[in-house]
Amino acid sequence: MSDDQLKAYPIPSVKRLPLYLRFLHKLKAQQREVVSCTRIAESLDLVPVQVRKDLAMTGVVGRPKVGYEVPVLIDAIEDFLGWKNASDAFLVGAGSLGAALLGYEGFRDSGLNIVAAFDTNPKKIGTEIHGREVLPWEKFHDLVQRMHVHIGVLAVPGEVAQDVTTEMVMAGIRAIWNFTPVKIEVPDNVIVEDVRLTASLAVLTSRLRQELGARS
C-alpha cells in the first residue's frame with residue numbers, strides 16, 4: 001500500500017492494528033484457528049463495532065457466526081501495514097537514545113530494519129552499536145542515494161533537529177520517525193511521525209496523581 005493510500009485511513013484505526021496483530025500472534029501460538037470481533041474487543045477493552053471497522057480496512061471479511069481465520073487476518077494486517085517485507089532505515093544520532101533504538105529487536109518484527117547509524121562525534125564514528133556501524137554524517141547523502149533508503153530515524157539533540165531534517169530530506173528521505181522534542185518542518189511529500197516521550201510521561205504521571213488523589 002502506498003503512503004498516500006495509508007493516509008486516507010483514520011490514524012487512530014491504523015494505530016490500533018498493531019494491537020490486534022500482537023493479540024492474534026498470541027492466539028496463533030495457542031493454535032487458535034478463528035477469532036471473532038467480540039473476542040478481540042473484549043480482550044483489548046474495545047467496542048466490537050470499532051474492531052470490525054478497523055479490520056475492514058485490510059479487506060478481510062469475517063464469516064458470520066464464525067469470525068476471522070487467525071492466519072489470514074495476521075497476513076492481511078501485516079500486508080496492509082507494509083510489515084511483510086522489512087523496510088531499511090538509517091538512524092541519525094548515535095547517542096544514548098539512538099543506541100537504545102538500535103538495540104530494540106522488536107523493530108524487525110514490525111518490518112523495520114535499521115541498517116546503519118550516523119553521527120558527527122569522532123568518538124562514535126567507526127564503532128559498532130548492537131551490530132550496526134556508526135558512519136560519519138558526511139556519508140549520509142551518498143548512501144541514501146546508493147541504497148535507496150526512504151526512512152530516517154531522527155534521534156539528535158533538539159537544537160540541531162531541523163537542520164538535520166532538512167539535510168535528510170535533501171538526501172531523499174521520504175519518511176522521518178522523529179524522536180526529538182522539536183516539531184520539524186518538512187515538505188508536503190515527506191511523512192513525519194513524532195514520538196513525544198515527555199508528553200507520554202506527562203500523561204502517565206498526571207494519571208497517577210489523579211489515581212492516588214482519588215484513593216486518598
S.K.: To check you understand the geometry: which heavy-atom pair defines the closest contact between P181 and G158, and what is its length?
M.R.: CD-CA, 4.4 Å

S.K.: If you define the side chain from C-beta out and look only at heavy atoms, does anything of V14 sit under 4.5 Å from L81?
M.R.: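 A side-chain contact exists here, since the closest heavy-atom pair is under 4.5 Å.
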
S.K.: Return all side-chain donor-acceptor pairs below 3.5 angstrom for residues 114-125, not counting sequence neighbours, or 'none' if the list is empty.
M.R.:
unit_1, atom_1, unit_2, atom_2, d
D119, OD1, N121, N, 2.8
D119, OD2, A94, N, 2.7
N121, OD1, K123, N, 2.9
K124, NZ, A94, O, 3.4

S.K.: Is it the case that the side chain of S43 and the backbone of R39 share a donor-acceptor pair, with hydrogens and angles ignored and the cut-off at 3.5 Å?
M.R.: yes

S.K.: Could you list all the ring pair (Phe, Tyr, Trp, His ring centres under 6.0 Å) pairs where at least one residue sits in residues 163-189, not counting sequence neighbours?
M.R.: F107-W177, W177-F179

S.K.: Flag the pair I176 / V169 as yes when at least one side-chain heavy-atom distance between them is below 4.5 Å, and no otherwise.
M.R.: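 Yes, at least one pair of side-chain atoms sits under 4.5 Å.
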
S.K.: Calculate, to the nearest 0.5 Å, the distance between atoms CG and CD1 belonging to L101 and I129 respectively.
M.R.: 10.5 Å

S.K.: Please give me the minimum heavy-atom distance between R174 and N189, naming the atom from each residue.
M.R.: NE-O, 3.1 Å

S.K.: Can L24 be reached from V66 by stepping across I, L, V, M, F, W or Y side chains whose heavy atoms are under 4.5 Å apart?
M.R.: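 The answer is no; the residues belong to distinct hydrophobic clusters.
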
S.K.: Checking D194 now: which residues fulfil side chain to side chain donor-acceptor pair (under 3.5 Å) with it, not counting sequence neighbours?
M.R.: N178

S.K.: Can you check side chain to side chain contact (heavy atoms under 4.5 Å, CB included) on F23 and V35, steps first, answer last?
M.R.: CA-CA 10 Å; F23 177 67; V35 64; 4.2 Å; yes

S.K.: Which heavy atom of V34 sits nearest to which heavy atom of R63, and what is that distance?
M.R.: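 Heavy-atom minimum between the residues: CG1-NH2, 4.1 Å.
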
S.K.: Which heavy-atom pair separates A171 from V144 by the least distance, and what is that distance?
M.R.: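 Nearest heavy atoms, A171 then V144: O-CG1, 3.3 Å.
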
S.K.: Check side chain to side chain contact (heavy atoms under 4.5 Å, CB included) between L208 and all other residues, then give those that pass, not counting sequence neighbours.
M.R.: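 Here the qualifying residues are L212.
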
S.K.: Measuring from L21:CG to L17:CG, what's the distance to the nearest 0.5 Å?
M.R.: 8.5 Å

S.K.: Got a second to check how far H25's NE2 is from I77's CD1, nearest 0.5 Å?
M.R.: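 The NE2 atom of H25 sits 8.5 Å away from the CD1 atom of I77.
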
S.K.: State, to 0.1 Å, how close S87 and I151 come at their nearest heavy-atom pair, and which atoms those are.
M.R.: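 Taking every non-hydrogen atom into account, CB-CD1, 3.6 Å.
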
S.K.: Can you find a heavy atom in the side chain of Q162 that is under 4.5 Å from one in the side chain of I184?
M.R.: yes

S.K.: Considering residues at least two apart in sequence or located in another chain, which fulfil the side chain to side chain contact (heavy atoms under 4.5 Å, CB included) criterion with E159?
M.R.: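 With sequence neighbours excluded, E159 shows a side chain to side chain contact (heavy atoms under 4.5 Å, CB included) to P157, given in chain and number order.
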
S.K.: Which residues pass the salt bridge (charged side-chain N to carboxylate O under 4.0 Å, His left out) test with R207, sequence neighbours left out?
M.R.: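 By the salt bridge (charged side-chain N to carboxylate O under 4.0 Å, His left out) rule, R207 matches no residue at all.
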
S.K.: Write out all pairs satisfying ring pair (Phe, Tyr, Trp, His ring centres under 6.0 Å) with one or both partners inside residues 39-75, taking only residues at least two apart or from two chains.
M.R.: none

S.K.: Under 3.5 Å, side-chain donor or acceptor atoms of residues 45-62 against the rest of the protein: list the pairs with distances, not counting sequence neighbours.
M.R.:
unit_1, atom_1, unit_2, atom_2, d
Q50, NE2, D54, OD1, 2.9
D54, OD1, S13, OG, 2.8
D54, OD1, R16, NH2, 3.3
D54, OD2, R16, NE, 2.6
D54, OD2, R16, NH2, 3.4
D54, OD2, Y20, OH, 2.6
T58, OG1, L55, O, 2.7
T58, OG1, V60, N, 3.4

S.K.: Passes side chain to side chain contact (heavy atoms under 4.5 Å, CB included), L143 versus V149? Steps please.
M.R.: CA-CA 8 Å; L143 289 176; V149 172; over 6 Å; no

S.K.: Output all residues satisfying salt bridge (charged side-chain N to carboxylate O under 4.0 Å, His left out) with E193, sequence neighbours left out; order by chain, then residue number.
M.R.: K15

S.K.: Do the side chains of L73 and Y9 join up, straight or via other hydrophobic residues, at under 4.5 Å, putting them in one cluster?
M.R.: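 Same cluster.
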
S.K.: Which value, rounded to the nearest 0.5 Å, describes the distance between L19 atom CG and L44 atom CG?
M.R.: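 These two atoms lie 6.5 Å from each other.
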
S.K.: Write out all pairs satisfying ring pair (Phe, Tyr, Trp, His ring centres under 6.0 Å) with one or both partners inside residues 31-51, taking only residues at least two apart or from two chains.
M.R.: none

S.K.: Might you point out which heavy atoms bring N113 and D88 nearest each other, and give the distance in Å?
M.R.: ND2-OD1, 3.1 Å

S.K.: What distance do I40 atom CD1 and L27 atom CG have between them, rounded to the nearest 0.5 Å?
M.R.: 7.5 Å

S.K.: For side chain to side chain contact (heavy atoms under 4.5 Å, CB included), just list the numbers for R209 and T205, CA-CA rounded to whole Å, side-chain angles, deciding distance to a tenth of an Å, and then say yes or no.
M.R.: CA-CA 6 Å; R209 186 174 62 179; T205 54; over 6 Å; no

S.K.: Suppose the criterion is side chain to side chain donor-acceptor pair (under 3.5 Å): which pairs have a residue in residues 128-145, not counting sequence neighbours?
M.R.: D142-R146

S.K.: Who are the side chain to side chain donor-acceptor pair (under 3.5 Å) partners of E185, not counting sequence neighbours?
M.R.: none

S.K.: State yes or no: do V160 and M170 share one hydrophobic cluster built from I, L, V, M, F, W and Y residues joined by side-chain heavy-atom distances below 4.5 Å, directly or via other members?
M.R.: no

S.K.: Hey, does V92 have a side-chain heavy atom less than 4.5 Å from the side chain of E167?
M.R.: no

